[in-house]
Every structure is written in structure tokens, then in C-alpha cells.
J.: 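One structure coming up, written as C-alpha cells, with questions to follow.
Sequential numbering from 1 along the given sequence is applied to the chain's residues.
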Amino acid sequence: MHFIYCPDCGKKLITKPMGDEGNIPYCEDCQRPLFDMFSSCVIVLVTDGKGQVVLLRQNYISTKYHNLVSGYIKPKETAEETAYREVQEEIGLNLTSLEFIGTYWFDKKEQLMIGFIGKTDDKELTLSGEVDGAQWVEANQAKNMVHPKGSVSYALIEHLLNNFND
């Protein structure tokens, strides 16, 4: 989100140089810069550690491709807490471990996605109302079921496959 008006006092912002950041919207009355903001969310590839992963069907996201567990970070919540919560909420699994893989910019929605691989010993899926379906599949098969190369889902599956025998 790019600020045009101050969210505190409502005054139209000016542009002011802010060191290395360049020209930034600035409120003269509140005397503060208002940097652009964006949403942060997590995306989690859930695996059993034996070569299988969980893929979701969420028709509001895509009717063509399967998805991974994902969700927005709530205030006062860490990315790791969000990952554990979202996996439990969306597919009813408890993670035994969580590995940070990387961050990814999702240009379409102007979001920062924080990618994880989560391991579970649970196998029985319990779906939330926002998940139309979910299934365990072989990771090498999953690459062909998610958004193509260049997507975060594909990158996480590729990372798992490249590091599976480590």
C-alpha cells in the first residue's frame, strides 16, 4: 500500500528525501515518514519425511492447480507460529518440525511469502471450510500438480526433492 494521506491526521502527504530510501511520503504535521506497506504470509509444504507431501484444492485460488498450506501472519504472531497454526487450521495436522526455506515476493498480490517445509507424523487430514480437498502425493508427482516453475509452491517442492537424501 502506498500512502497518499496520513492515516493519523488525514493530511495530504508530501514527498521528502529519506537518505538511502529515496523520496518517501511524509506527513509535515505528524513529522513522520510513511513507508509503503505490504502483507506478509506463510506458505508451508507439509511432508511426511518419506517422500510424500500434502496438496490442497482451494477453488477460490485455482481450479487448475493444487496449492500448499498458506495464510496471513496475524499481529503479534511470528511466521513460525503462523505456519503451525495454518497447517492445523487448514488440514488438521500437527507439525513435528518446521524448516525455514526462504522468502519470496508474490508480485500478483504484492505480498511477501515466507516459505517453510513442515514435517508431520500425522496422516489423517481434517479439512477446514476454505479447503475443497487435500491429498497425500509423492513429491516428484506434486511438481506437476502445482503452479509451474517460477511459483513458490514449485520452488518449495524442488527444494525438498533436491535435499531429500541429505
J.: Tracing side-chain links under 4.5 Å among I, L, V, M, F, W and Y, which residues wind up in one group with Tyr5?
T.: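 Once heavy-atom contacts under 4.5 Å are chained together, Tyr5 belongs with Ile4.
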J.: If you apply the rule side chain to side chain contact (heavy atoms under 4.5 Å, CB included), what do you find for Leu112 with Ser39, and how did you get there?
T.: CA-CA 6 Å; Leu112 180 65; Ser39 299; over 6 Å; no
J.: Could you tell me which residues satisfy salt bridge (charged side-chain N to carboxylate O under 4.0 Å, His left out) with Asp121, sequence neighbours excluded, listed by chain and number?
T.: Lys119
J.: Hey, are the side chains of Ile73 and Val42 touching, using non-hydrogen atoms and a 4.5 Å cut-off?
T.: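 A side-chain contact exists here, since the closest heavy-atom pair is under 4.5 Å.
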J.: When you look at CE of Met37, are more than 12 heavy atoms from neighbouring residues, nucleotides or ligands closer to it than 6.0 Å?
T.: no
J.: With rounding to the nearest 0.5 Å, note down the distance linking OG in Ser151 to CE in Met113.
T.: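 Here the interatomic distance stands at 9.5 Å.
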J.: Ignoring hydrogens, what is the shortest heavy-atom contact between Ile114 and Ala79? Give both atom names and the distance.
T.: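 That would be CD1-CB, 3.9 Å.
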J.: I need the Ile117 CD1 to Asn163 CG distance, nearest 0.5 Å.
T.: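 One gets 7.5 Å once the value is rounded to the nearest 0.5 Å.
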J.: For Asp48, enumerate each residue passing the salt bridge (charged side-chain N to carboxylate O under 4.0 Å, His left out) test, keeping only those at least two apart in sequence or located in another chain.
T.: Lys123
J.: Please determine whether residues Leu156 and Ile61 belong to a single hydrophobic cluster, defined as Ile, Leu, Val, Met, Phe, Trp and Tyr linked transitively by side-chain heavy-atom distances below 4.5 Å.
T.: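 In one cluster with Leu156: Ile61, no.
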J.: Would you kindly confirm whether Tyr104 and Leu98 end up in one hydrophobic cluster when ILVMFWY residues are joined by side chain heavy atoms under 4.5 Å apart?
T.: no
J.: One pair to check against side chain to side chain contact (heavy atoms under 4.5 Å, CB included): Met1 and Asp36. What are the steps and the verdict?
T.: CA-CA 5 Å; Met1 171 181 18; Asp36 289 349; over 6 Å; no
J.: Output, in order, the C-alpha distance, side-chain angles, deciding distance and verdict of side chain to side chain contact (heavy atoms under 4.5 Å, CB included) for Tyr26 and Leu34.
T.: CA-CA 6 Å; Tyr26 184 83; Leu34 291 148; over 6 Å; no
J.: Nearest 0.5 Å please: distance from the CD1 atom of Ile91 over to the CG atom of Leu56.
T.: 6.0 Å
J.: Check whether Val87 and Ile157 end up in the same hydrophobic cluster, where Ile, Leu, Val, Met, Phe, Trp and Tyr are linked by side-chain heavy atoms less than 4.5 Å apart.
T.: no
J.: Is the closest side-chain heavy-atom distance between Leu45 and Leu160 below 4.5 Å?
T.: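 Yes - at least one pair of side-chain heavy atoms lies under 4.5 Å apart.
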J.: Ignoring hydrogens, what is the shortest heavy-atom contact between Pro25 and His2? Give both atom names and the distance.
T.: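 So the two residues come closest at CG-CE1, 3.5 Å.
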J.: Could you tell me if the side chain of Arg32 sits less than 4.5 Å from the side chain of Asp8, heavy atoms only?
T.: yes
J.: Determine yes or no for a side-chain-to-main-chain donor-acceptor pair under 3.5 angstrom, with Thr47 supplying the side chain and Gln52 the backbone.
T.: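 Pair found, side chain donor or acceptor close to backbone of Gln52.
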J.: What I'd like to find out is whether the side chain of Phe116 reaches to under 4.5 Å of the side chain of Ile101, using heavy atoms alone.
T.: no
J.: Are the side chains of Cys6 and Asp29 in contact, using a 4.5 Å heavy-atom criterion?
T.: no
J.: Decide whether Ile43 and Tyr84 are clustered together by the hydrophobic rule: side chain heavy atoms of Ile, Leu, Val, Met, Phe, Trp, Tyr closer than 4.5 Å, transitively.
T.: no
J.: Do you know which two heavy atoms are closest between Cys30 and Cys27, and how far apart they sit?
T.: N-SG, 3.3 Å
J.: I need the minimum non-hydrogen distance between Leu68 and Val44, along with the two atoms involved.
T.: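 Scanning both residues completely, I find the closest heavy atoms to be CB-O, 3.5 Å.
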J.: Are Val146 and Val152 joined in one hydrophobic group, where the rule is that I, L, V, M, F, W and Y side chains link up if heavy atoms are under 4.5 Å apart?
T.: yes
J.: Can any side-chain N or O of Thr120 pair as donor or acceptor with the backbone N or O of Asn94 at less than 3.5 Å?
T.: yes
J.: Could you tell me whether Glu158 atom CD has more than 12 heavy atoms of other residues or ligands within 6.0 Å of it?
T.: yes
J.: State, with a plain yes or no, whether a side-chain heavy atom of Ser70 is found less than 4.5 Å away from one of Cys41.
T.: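 They are not in contact (no side-chain heavy atoms under 4.5 Å apart), so the answer is no.
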J.: Arg57 side chain to Thr63 main-chain N or O, any donor-acceptor pair under 3.5 Å?
T.: yes
J.: Can you confirm whether Val137 sits close enough to Met145 that some side-chain heavy atom of one is under 4.5 Å from a side-chain heavy atom of the other?
T.: yes
J.: Closest approach of Phe3 and Phe35, non-hydrogen atoms and distance?
T.: CE1-O, 3.4 Å
J.: Fit a plane to each ring of Tyr65 and His147, take the angle between them on a 0 to 90° scale, and name the class: parallel (under 30°), tilted (30 to 60°) or perpendicular (over 60°).
T.: tilted
J.: Can you list everything that forms a salt bridge (charged side-chain N to carboxylate O under 4.0 Å, His left out) with Lys108? Sequence neighbours excluded, please.
T.: none
J.: Where do Leu127 and Gly133 come nearest, in terms of heavy atoms and distance?
T.: CD1-CA, 3.7 Å
J.: Listed by chain and number, what are the salt bridge (charged side-chain N to carboxylate O under 4.0 Å, His left out) partners of Asp132, not counting sequence neighbours?
T.: none
J.: Can you list every salt bridge (Lys or Arg N to Asp or Glu O under 4.0 Å) pair that touches residues 68-83, not counting sequence neighbours?
T.: Glu77-Arg85
J.: Say whether Tyr72 and Gln111, considering side chains only, have a donor N or O and an acceptor N or O under 3.5 Å apart.
T.: yes
J.: Given side chain to side chain contact (heavy atoms under 4.5 Å, CB included), test Leu93 with Leu125 step by step and report yes or no.
T.: CA-CA 7 Å; Leu93 300 179; Leu125 302 169; 3.7 Å; yes
J.: If you measure from CD on Glu138 to CG on Leu55, what distance do you get to the nearest 0.5 Å?
T.: 11.0 Å
